[in-house]
Structures are given as C-alpha cells and as structure tokens.
Number of protein chains: 2
Amino acid sequence: MRMNEAFKALADPTRREILRLLRSGEMSAGQLAQHFDMSKPSMSHHFATLKQADLIGSRREGQQVIYYLNTTVVEDLMVVILDMLSGNAAPSKGGANP
Amino acid sequence: MRMNEAFKALADPTRREILRLLRSGEMSAGQLAQHFDMSKPSMSHHFATLKQADLIGSRREGQQVIYYLNTTVVEDLMVVILDMLSGNAAPSKGGANP
DNA sequence: TAATTAATAAGAAATTTGTCTAAATCTCTA
DNA sequence: TAGAGATTTAGACAAATTTCTTATTAATTA
C-alpha cells in the first residue's frame with residue numbers, strides 16, 4: 001500500500017474535498033472541477049496525485065474521464081491510521097504483548 | 001480543531017514515527033531524537049509542527065522537555081477522517097446519530 | 001478530414017518544506 | 001557565578017509543492 005503517498009495526498013484541502021465529493025458517487029473530471037475555483041490543469045494534477053496514492057480510480061467513458069473513490073484502499077488507510085495513533089488503555093489484539 | 005495542520009503533520013514519515021513512539025508513553029525530546037538519524041534542531045522543528053497541530057503536548061521537567069500524545073485531538077481526527085472518507089454522504093457534526 | 005469538446009502534459013514562477021550549522025535560552029550543580 | 005547538558009531559535013539553502021498558461025492528446029461529430 002502506498003502509505004506515504006496517501007498521507008501526502010490527504011494533506012491538501014482541495015484533494016480532501018475531491019474525496020468528499022466522490023463519497024456520494026463517481027463523477028467526471030469536469031464535474032469535479034466545477035466545484036473549485038481553480039484551472040482545469042491544476043485540478044487534473046490533483047486527480048493524478050490522488051490516483052498515485054490509490055485513493056481514487058478512473059476510467060474513460062467517451063470524451064470524459066470518470067473518477068471514483070477506491071474504497072478498499074481508503075479502508076486500509078483507516079486501519080493504518082488507527083493502528084498508529086490510537087494506543088489507548090485497551091490492549092491491541094494484533095499488537096506486541098498478551 | 002486544527003484539521004489542516006493535523007493532516008499536514010501526518011504527511012511526514014518522521015512525524016508519524018514520532019507519534020507511533022509516543023503511543024507507548026511519553027518521552028523527552030532527547031529520547032525521541034535518539035531514534036532518528038537527524039540533527040536535534042530538525043527534530044525540534046518536527047515536535048513544533050506536531051504541537052501546532054495539537055497532536056502532541058509538552059511540559060518541562062528540569063532540563064528536559066517531555067512530549068506526550070494528545071489523545072483527545074487524535075481521536076477527533078479519527079472521526080473526521082472516517083467521516084470524510086468512509087462514512088455516509090452526510091457529515092455528522094453532533095447531529096443525526098441513529 | 002476539420003472542428004469541437006474533454007482532459008492531460010510541459011514548462012515556469014512563487015511558495016512551502018525539510019534539513020543543516022551556529023548561536024541563544026533554560027536548568028541544574030559545583 | 002561559571003560550566004555543562006538539553007532544547008530551541010535564527011538564518012540559509014536545496015528540493016518539493018501548488019498554481020498558472022500554453023500546448024498536446026483523445027474522442028465525437030459535422
């Protein structure tokens with residue numbers, strides 16, 4: 001899993017908003033771009049960053065490119081984050097000691 | 001909550017490792033620095049970044065500065081991430097719970 | 001085939017980030 | 001008060017990031 005890329009991808013507010021938008025269903029690059037006050041090439045760059053991190057996927061449909069959330073990888077990321085940060089009183093079941 | 005700072009803080013592998021180390025208990029700046037092949041000023045800079053994001057806290061104890069995980073904020077961040085990426089389409093901020 | 005629309009690639013400018021060394025600050029102890 | 005240890009601040013610099021404009025690729029349609 002591309003953890004480092006995933007974390008870096010989440011560090012930008014525009015990209016987090018893209019993910020939030022995709023949560024409710026797939027959208028074309030143009031539809032996504034409409035939601036932002038930013039040039040299309042810049043948006044395209046953000047799509048590429050998210051894709052490199054495997055957080056989103058894409059397919060071409062005619063003239064358009066459709067983007068969708070890669071829910072599997074997103075859930076993997078959740079597990080990693082929880083494992084890294086949440087070391088509460090509860091002993092870990094995958095962890096170090098009995 | 002300082003969400004943007006928190007995400008940016010998580011984007012660096014050194015800082016994620018610091019958080020992981022602090023998960024098992026508080027440590028002094030020097031103890032933490034020992035785990036990395038990096039100058040102490042650079043480490044100090046990472047501590048400051050994490051602190052600005054409210055992910056860690058600190059107190060002075062004699063000559064040393066002790067750092068600890070700010071578990072409350074970390075858990076808030078978890079909720080935000082889960083809500084943004086894997087939740088239902090409606091963001092829940094103290095509102096509609098089943 | 002030429003024009004049109006959708007999207008990405010290329011190259012450049014401004015800003016931010018991660019790291020270093022040298023200097024300063026804070027605390028303890030002789 | 002002087003010295004030593006622990007940590008941070010300041011200043012600098014290379015590398016990465018974010019954004020733009022211009023150019024290019026891909027698909028549709030007259």
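So that the names make sense, note that chain A is the first sequence line, chain B the second, and so on, each numbered from 1. What you see below is based on every heavy atom in this structure, not just the backbone, and it leaves out hydrogens, waters and symmetry mates.
- Between the CD1 atom of B:I66 and the P atom of C:dC26 there is a distance of 18 Å, rounded to whole Å.
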For this session: Evaluate salt bridge (Lys or Arg N to Asp or Glu O under 4.0 Å) for A:E5 paired with A:K8, printing each intermediate quantity in order.
Result: CA-CA 5 Å; A:E5 280 88 349; A:K8 281 193 180 178; over 6 Å; no
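- Nearest-nucleotide positions on DNA chain C place A:Q63 closer to the 5' end than the other of A:Q63 and B:M38.
- Results of the side-chain contact (heavy atoms from CB on, under 4.5 Å) test with A:P13 over A:E17, A:R16, A:R15 single out A:R16 as the only residue that passes.
- Regarding B:K40, its NZ atom lies at a distance of 16 Å from the C1' atom of C:dA22, rounded to whole Å.
- Atoms CZ (B:R16) and P (C:dG18) sit 11 Å apart, rounded to a whole Å.
- Counting 5' to 3', DNA chain D first comes under 4.0 angstrom of a heavy atom of chain B and last does so at the ends given by D:dG5 to D:dT9.
- Look at B:S39 and you'll find a side-chain N or O under 4.0 angstrom from OP1 or OP2 of C:dC20.
- A:Q31 has its CD atom 15 Å from the C1' atom of C:dT5, to the nearest Å.
- Mapped onto DNA chain D by nearest heavy atom, A:S42 and A:E61 fall at different nucleotides, with A:S42 at the one closer to the 5' end.
- Taking atom CG on B:L10 and atom C1' on C:dG18, their separation rounds to 17 Å, with Å as the unit.
- Taking 4.0 angstrom as the limit, A:Y67 places a side-chain polar atom (N or O) nearer than this to OP1 or OP2 of C:dT8.
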Interface polar pairs with nucleotides 11-17 of chain C, N/O, under 3.5 angstrom:
from	atom 1	to	atom 2	distance (Å)
C:dT17	OP1	B:K8	NZ	3.4

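- Nearest-nucleotide mapping onto DNA chain C: of B:P41 and B:T49, the residue sitting toward the 5' end is B:T49.
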